[in-house]
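Lettering of chains follows the sequences in order, A, B, ..., and the numbering in each one begins at 1.
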Amino acid sequence: MDKENVAEILQEIGVLLELKGENPFKTRAYASAARTIEGLSESLEKLISENRLGEIKGIGDALQKKITELVTTGELAYYEELKASLPAGLLDMLKIPGMGPKKVKAVYDRLGVETVDQLEQACRSGRVAMLDGFGEKSQAKILEGIQFRRQYATRHLLVQALAWAEPILDELRAHPDVLRCSTAGSVRRFKEVIGDVDFLVSSKAPAAVLDFFTGREGVMKVLAKGDTKSSVILEGGIQADLRVVSDVEYPYALAYFTGSKEHNIAMRQRAIQRGLRLNEYGLFRSKEETRDPELRVACATEDEIFSQLGLAYIPPELREDHGEFLVAETGTMPRLVEWTDLKGSLHNHSNWSDGRGTVAEIAEFARENGFAYWAINDHSRASFQAHGLDADRLRKQVLEIREVNRRLSEEGCEFRLLTGVEVDILGDGRLDLPDDVLEDLDVVVASLHQGFSRQEPENTRRLIRAAENRQVHMLGHLTGRLLLEREPYPVNPQAVIDVCAETGTWIELNAHPARFDLDWRLWPYAKSMGVKCVINCDAHRNEHAGFLRLGAGIARKGGLQREDVINTLSLRSLMKALQGKREGGRRS
DNA sequence: GCCGTTTTCGGCCCGACTGTTTTCAGTCG
């Protein structure tokens with residue numbers, strides 16, 4: 001059983017315990033352990049065999065035993081008993097807005113309601129409103145929540161959330177009563193999947209800003225509106241929250257509402273260790289909870305708050321309690337890669353396979369947009385559905401690309417198209433094209449496109465064999481996941497990273513917003529092993545070049561710097577690196 | 001269930017908003 005499965009089960013145990021009315025701190029312990037497990041860079045098997053599980057913060061004796069049982073036997077008796085003691089439908093009910101563990105338990109205990117459908121019936125017949133603690137309004141709200149969940153997704157891709165958030169941020173910025181404003185929450189942290197979008201504003205007239213926010217075009221429903229905050233549902237079905245504070249409070253509130261929750265808890269604890277209190281209203285010289293302005297440590301920006309806590313500024317992308325404090329404590333934060341550092345993309349498609357543009361159109365677009373180089377890597381023949389290229393068509397494409405480059409050169413232009421392929425990794429780990437064809441290409445990306453039903457050891461071996469081929473520069477979208485759509489295929493990424501480190505093979509960070517693959521959580525490990533990253537937009541049409549900005553944000557979440565990313569190199573250095581990989585490869 | 005410069009018990013982040021209450025519980029972030 002792998003980390004994701006273990007984390008999922010621990011998470012579920014936490015929820016089930018909540019439904020049972022257990023001590024909230026106990027339920028929280030499970031949830032926090034689940035998160036910790038998910039973020040581990042080492043495998044659970046290894047930690048267990050070396051008896052190091054207990055060294056992890058948040059995992060004590062009880063959880064150690066349960067995790068060991070799960071990993072070694074694939075089952076957990078405690079979990080099975082817990083699951084059997086409650087109807088499965090209760091978990092679904094928790095997802096309805098306004099239905100928390102107490103209310104779910106109440107309708108179950110007192111009305112025998114076990115599923116969302118039964119809850120709907122109970123609301124329609126008026127039985128829910130008659131319960132203590134419920135009323136007509138809660139009943140109507142539950143019905144609405146059920147309808148809403150049927151109609152809309154609850155989680156959205158970052159790219160979609162940004163498309164909703166950025167125009168609103170522009171409007172807020174232009175509003176006369178707005179002093180400072182920003183997105184906050186997971187959008188500001190550049191999480192790959194977003195639940196809702198958060199905004200923070202400082203203003204002397206909060207009511208006017210809140211009125212504007214709730215009255216905007218594109219607001220479908222106002223969920224809540226108070227003196228300082230409001231929640232709305234936007235057309236398209238995403239929730240947007242706005243919080244308005246005074247300008248003095250703004251930096252503290254921005255830090256607080258950017259989160260993550262786990263990062264904030266660590267920040268608060270650091271404050272407490274220094275005899276201070278940190279909340280959304282300020283950093284206070286006090287041992288007690290307070291918001292007395294007299295006691296506030298003046299900070300004009302987030303930067304100054306970190307500094308007061310003995311930390312270098314932590315960029316929002318890193319605020320996941322994922323090791324950022326260890327780095328920031330040293331007093332200097334490395335400069336993370338910026339999307340403007342990227343000089344081109346080394347994995348893109350043309351109309352020779354499943355892309356849209358012609359080679360000439362792509363060259364024109366990339367050149368005009370200031371890139372130094374752009375690779376064309378169409379699919380190989382095994383990707384039949386994508387009109388994959390065989391050796392013959394590939395050679396013809398190479399001629400066409402060279403012709404385009406010749407013309408560019410004549411015009412005195414320094415931009416270059418690079419020849420390449422995204423070669424399929426076949427069932428046994430061989431590549432879909434022979435080495436002598438690959439060696440004539442500038443950039444070879446090797447990817448899995450089939451075999452999702454295979455087992456982990458097999459997929460891992462396929463990727464390792466591809467990485468060991470000295471003609472392969474990098475592995476493309478390593479886990480094949482499609483966010484909110486398709487799980488990653490079973491693969492042991494650490495084992496693949498280890499071989500990439502040995503062979504000097506690079507790993508792609510595919511910047512397609514549904515991929516972001518390799519996951520940001522694995523980059524610190526890859527970096528520690530010396531494996532280089534390539535941020536590719538996997539463009540199938542020119543507009544996809546914009547994905548590079550998103551990919552760079554994800555690379556920042558992974559703590560990557562310019563020197564960790566191959567496509568920050570100039571054309572000349574890149575060509576050397578491409579050549580060097582082939583000469584340095586361990587075996588072919 | 002975890003943890004310890006407050007160390008084997010007693011804390012564990014905490015405030016805004018809503019709805020059902022008539023002083024507060026539940027939910028949410």
message: Taking R285(A) first and then E294(A), would you say they form a salt bridge - that is, a charged N and a carboxylate O separated by under 4.0 Å?
response: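 So R285(A) does not pair with E294(A) through a salt bridge.
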
Under a 3.5 Å distance rule, please check whether [X] uses its side chain to pair with a backbone N or O of [Y] as donor and acceptor.
X	Y	value
Q139(A)	C123(A)	yes
E324(A)	E320(A)	yes
R270(A)	L309(A)	yes

task: Map Q139(A) and Y281(A) onto DNA chain B by nearest heavy atom, then report which one ends up closer to the 5' terminus.
output: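 Its nearest nucleotide being more 5', the pick is Y281(A).
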
field: L131(A) vs I265(A), nearer the 5' end of DNA chain B by closest nucleotide
entry: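 Its nearest nucleotide being more 5', the pick is I265(A).
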
query: With the sugar-phosphate defined as primed atoms, P, OP1 and OP2, and the base as all remaining atoms, what B/S/- string results for nucleotides 1-9 of chain B, 5' to 3', for protein heavy atoms under 4.0 Å?
result: BSS------

Nucleic acid footprint by protein, nucleotides 22-29 of chain B - heavy-atom cut-off 4.0 Å, B for base, S for sugar-phosphate alone: ----SSSB

Euclidean distance, atom [atom1] of residue [X] to atom [atom2] of [N] [Å, nearest integer]:
X	N	atom1	atom2	value
E280(A)	dG15(B)	CD	C1'	5 Å
D227(A)	dG15(B)	CG	P	17 Å
K141(A)	dT18(B)	NZ	P	8 Å
L143(A)	dG19(B)	CG	P	15 Å
E262(A)	dC12(B)	CD	P	18 Å
Q273(A)	dC12(B)	CD	P	15 Å
N279(A)	dC14(B)	CG	C1'	8 Å

- prompt: Can you tell me how far P in dG4(B) sits from the matching atom in dC13(B), rounded to whole Å?
  reply: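 The answer is 14 Å between these two P atoms.
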
query: Using purine N1 to pyrimidine N3 plus N6-O4 or O6-N4 for Watson-Crick, or N1-O2 and O6-N3 for G-U wobble, both under 3.5 Å, which nucleotide pairs with dG10(B)?
result: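 Check on dG10(B): paired to dC3(B), both distances under 3.5 Å.
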
message: For dT18(B) and S138(A) - does any side-chain N or O of the residue sit under 4.0 Å from the phosphate oxygens OP1/OP2?
response: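 No.
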
query: Quick one: is dC13(B) close enough that its OP1 or OP2 comes under 4.0 Å of any side-chain N or O from R28(A)?
result: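 Affirmative; the distance criterion is met.
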
message: Students often get this wrong, so: under 4.0 angstrom with heavy atoms, is T228(A) touching a base, only sugar-phosphate, or nothing?
response: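 Sugar-phosphate, backbone atoms only, no base.
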
task: For the residue pair W164(A) and H156(A), categorise the inter-ring angle as parallel (less than 30°), tilted (30 to 60°) or perpendicular (more than 60°).
output: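 Perpendicular.
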
query: Going by the angle between their ring planes, with limits at 30° and 60°, are Y30(A) and Y78(A) parallel, tilted or perpendicular?
result: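 Because their plane-to-plane angle is under 30°, the rings of Y30(A) and Y78(A) count as parallel.
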
task: Would you kindly check if the NZ (Lys) or CZ (Arg) of K66(A) is within the cone defined by 45 degrees around the ring axis of Y79(A) and under 6.0 Å from the six-membered ring centre?
output: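 Negative - K66(A) is either too far from the ring of Y79(A) or too far off its axis.
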
- prompt: Who pairs with K225(A) by side-chain hydrogen bond (donor to acceptor under 3.5 Å, both in side chains), at least two apart in sequence or on another chain?
  reply: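 If we apply the side-chain hydrogen bond (donor to acceptor under 3.5 Å, both in side chains) test to K225(A), skipping adjacent residues, the hits are D211(A).
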
